[in-house]
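Worksheet for the structure shown next.
These numbers come from the heavy atoms of this one structure, side chains and all, not from hydrogens, waters or symmetry mates.
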Amino acid sequence: MTGANGFKVNAFRRAARASEGESNDLAAWAREDRGRLQTIDGIGLSTANHIVELVTLGRIPDLDTLRGQVPSGLPELLTLQGLGPKTVKVLWESAGITSLEELDSAIDAGRLAEIPRLGPKSIANLRLAVKARIASGNAPRRYRLGEAVPQAESLLARLRLAKGTIRAQFAGSARRGRETVGDLDLLVASTDPGAAQTAFVTLPGVARVLAGGETRASVQLENGLQVDLRVVEDQAFGAALLYFTGSKDHNVRLRERAISRGMRLNEYGLFVEAEPGGEPPSVPVSAHTEEEIYRALELPFWPPELRESSALDSFDTTPSLVELSDIKAELHAHTTASDGELTIDELAQLAKSRGFHTIAVTDHSRASAQANGLSVERLLRHIGMIREAEARVGGIRILAGSEVDILADGRLDYDDETLARLDIVVASPHTALRQDPEAATRRLVAAIRHPLVHILGHPTGRIIQGRDGLSPDMAKLYEAARESSTAFEVNSHWMRLDLRDVHVHGAVAAGCLVAIDCDIHSAADADNLRYGVATARRGHLTAASCVNAWPSATLHAWLASKH
DNA sequence: GCCGTTTTCGGCCCGACTGTTTTCAGTCG
């Protein structure tokens, strides 16, 4: 809007995304070792200096200057569908519009009619967007992974019934496993694109068709979620999947790499660039699968969960990330004894049906009174019932455990003598989740270093779009966990995903163990495992460092080592 | 502003769709 070089704008965007996905403590670097900031791909001298300013001054003077050049209500206009910087600048300079309210009244008064390139249809669309924004009162929301993925799958199930559909899959940030997504991206391979389009725009729950062409279409569902569809020929499915999965930065890097090798990459395939004056080849070097395209670009295959990164030279070979099918144990589950819905036997049967060799019964401790936490006496009786259930059910190890509260000062909710009777101890913070970072660090380090604790459950206590939770010094937690062989939990519930992806990466880099658990309260919770695995994969976790993926003997030897 | 297995200067991904235009600008993903 200020007429700045668009490449410069993009450079700042890239730097922002790069720092967002960074697992190292950039504030500490800014204070102690500012040169290291420039080792991050996309951050140069200028941005590094801005980060130092932000950390030391609490503000970035250049940003304040820029803000002073633009009315404060203008940036919000950019978030309206169909309105970009060029049009906002024109609205501002030729119609004096500086806020949503002013735009609204200008439309109502017909004052936009004389603006070049703004015809009646554009104004009608703008009017719709403005009225919707004023009615809802806030910018487009993001949807949590566990809300979006089931929605995507139910839409795909219907698209698969359309005439000519060969395959259908979701892509975008949902496939990359981001904790929240802004929209859904669906990809269909079909011999009858028209049928796919028709099926798409008439899906149940579609409130408005935003765009519809021969190969792509966008709709908005009644709940506000935008869904984009791309229809391709089956032979180009891999190229389209690569394109539609993103991230945008990753795609840009792949395309640049193609250019440097005399090729061109788009959603139809990887092509050899035409000789000057020659016909461009119509048959791609590769297009059918993502794997082929990475190979043709002389790159290892990048799992979707790692495609946030734009640095293509991070690995020489494909990292063997943990997979859903590797998980053979659930180590955090509740029964009717505290706040769960399942009995011990039902829980064990559920775990057996998933092919697990071990299930841990970890009901709440006494401090979690609201969750019917167990007194010492009840816990001791519960242990006896777990032993009986293991003998009765057969074919699976049923561990007697506890999800013991970490009290605000770092002490645990049961004494050591009681904890020592358990096969597994998951220690979790449930209260005092707003304590300052220093207190939180002391508290969590104490729990991690407790000799009877195996797993630190949902370490920060955050709820996505709900509460921030604790903000401990993660480097100190990693160090304590590595030294004491205590695992960090990735809680698979889509409202938690705690540890979060960048912290998993930090823990993995520090050599820590990680557990991926569902914190089962009802049978449906077991289906959240995919989200926990996706989060772990985003953090580069391998099966070797994931305790739930270990063979039974290895897992039980580790558990027994803490006694 | 960032970056370099040709480059420290001169580039910076690529295509679809819409609405406005008689050939294309703006926006989006």
Review point. Does a side-chain N or O from A/Gln226 land closer than 4.0 Å to OP1 or OP2 of B/dG29, or not?
Key: yes
Point to revise | Of the listed nucleotides B/dA16, B/dG19, B/dC13, the one nearest the side chain of A/Tyr268 | key: B/dA16
Check your understanding: Of A/Asp185 and A/Arg253, whose nearest nucleotide on DNA chain B comes first from the 5' end?
Key -> A/Arg253
Revision key, fill the gap. Separation of B/dG29 atom P from A/Asn251 atom CG, nearest Å, is 14 Å
Check your understanding: A/Arg117 has a side chain; which of B/dA16, B/dT27, B/dG19 sits nearest to it?
Key -> B/dG19
Check your understanding: In whole angstrom, what separates A/Lys121's NZ from B/dG26's P?
Key -> 20 Å
Check your understanding: Of the candidate nucleotides B/dG29, B/dC2, B/dG15, which contains the atom at the shortest distance from the side chain of A/Thr47?
Key -> B/dC2
**Study point:** A/Lys131 NZ: over 12 foreign heavy atoms closer than 6.0 Å
**Key:** yes
Practice item. Using whole Å, report how far CZ of A/Arg261 lies from C1' of B/dG4. Key: 14 Å
Check your understanding: Does A/Glu179 come within less than 4.0 Å of A/Arg500, counting only side-chain N to carboxylate O?
Key -> no
Exercise for review: Indicate whether OP1 or OP2 belonging to B/dT27 is found under 4.0 Å from a side-chain N or O atom of A/Thr87.
Suggested key: yes
Review point. Checking all strands, does A/Leu254 fall into the base, sugar-phosphate, or nothing category for heavy-atom contacts under 4.0 angstrom?
Key: nothing
Check your understanding: Taking atom types as modelled and ignoring hydrogens, do the side chains of A/Gln81 and A/Gln226 form a donor-acceptor contact shorter than 3.5 angstrom?
Key -> yes
Check your understanding: Counting side-chain heavy atoms from C-beta on, which of B/dC12, B/dA16, B/dC14 comes nearest to A/Thr215?
Key -> B/dA16
Review point. Can a side chain N or O of A/Asn266 be found less than 4.0 Å away from OP1 or OP2 on B/dG15?
Key: yes
**Study point:** Nearest-Å distance once atom P is located in both B/dC2 and B/dT7
**Key:** 22 Å
Exercise for review: Please measure how far the C1' atom in B/dT23 lies from the corresponding atom in B/dT18, and state the result in whole Å.
Suggested key: 15 Å
Review point. In whole angstroms, how far is the C1' atom of B/dC17 from the CG atom of A/Leu229?
Key: 14 Å
Study note, to complete from the structure: Whole-Å distance, A/Leu210 CG to B/dG29 P, equals 9 Å
Check your understanding: To the nearest angstrom, how far is A/Leu118 atom CG from B/dA25 atom P?
Key -> 16 Å
**Study point:** Ion pair check, A/Glu22 and A/Arg36, cut-off under 4.0 Å
**Key:** no
Check your understanding: Is the distance from OP1 or OP2 of B/dG15 to the nearest side-chain N or O of A/Arg264 less than 4.0 Å?
Key -> yes
**Study point:** B/dC13 versus B/dC28 - spacing of their C1' atoms, nearest Å
**Key:** 14 Å
Review point. Between A/Arg216 (CZ) and B/dC17 (P), how many Å, whole number?
Key: 7 Å
Exercise for review: Would you check if there is a donor-acceptor pair between the side chains of A/Ser173 and A/Arg178 at a distance under 3.5 Å?
Suggested key: no
Check your understanding: So which nucleotide from B/dC14, B/dC17, B/dC12 ends up closest to the side chain of A/Phe7?
Key -> B/dC12
Review point. From A/Leu77 CG over to A/Lys89 NZ, what is the distance, rounded to the nearest 0.5 angstrom?
Key: 14.5 Å
Review point. Taking NZ, NE, NH1 and NH2 as the nitrogens, is one of them in A/Arg14 or A/Asp41 under 4.0 Å from a carboxylate oxygen of the other?
Key: yes
Practice item. Using the P atom as the reference point in each nucleotide, state the distance between B/dC17 and B/dC12 in Å, no decimals. Key: 25 Å
Review point. Is the distance from OP1 or OP2 of B/dG1 to the nearest side-chain N or O of A/Ser46 less than 4.0 Å?
Key: yes
Check your understanding: Between A/Ser260 and A/Ala211, which has a closest nucleotide on DNA chain B that is more 5'?
Key -> A/Ser260
**Study point:** Whole-Å C1' distance, B/dT8 and B/dG15
**Key:** 32 Å
Check your understanding: What parts of residues 8-20 of chain A reach DNA chain B, counting only heavy atoms under 4.0 Å away?
Key -> A/Lys8, A/Ala11, A/Phe12
Point to revise | A/Leu77 CG - B/dT27 P separation (whole Å) | key: 12 Å
Point to revise | B/dG29 and B/dT22, which share atom name C1', separated by this distance in whole Å | key: 28 Å
Point to revise | Donor on one side chain, acceptor on other, A/Thr535 and A/Asp501, under 3.5 Å | key: no
Revision key, fill the gap. Looking only at B/dT27, B/dG1, B/dG15, the nucleotide nearest the A/Asn5 side chain is B/dG1
Exercise for review: Quick one: label A/Pro116 by what it contacts on the DNA or RNA (base, sugar-phosphate, nothing), any heavy atom closer than 4.0 Å.
Suggested key: nothing
Exercise for review: Nearest 0.5 Å please: distance from the CZ atom of A/Arg175 over to the CG atom of A/Asp185.
Suggested key: 11.5 Å
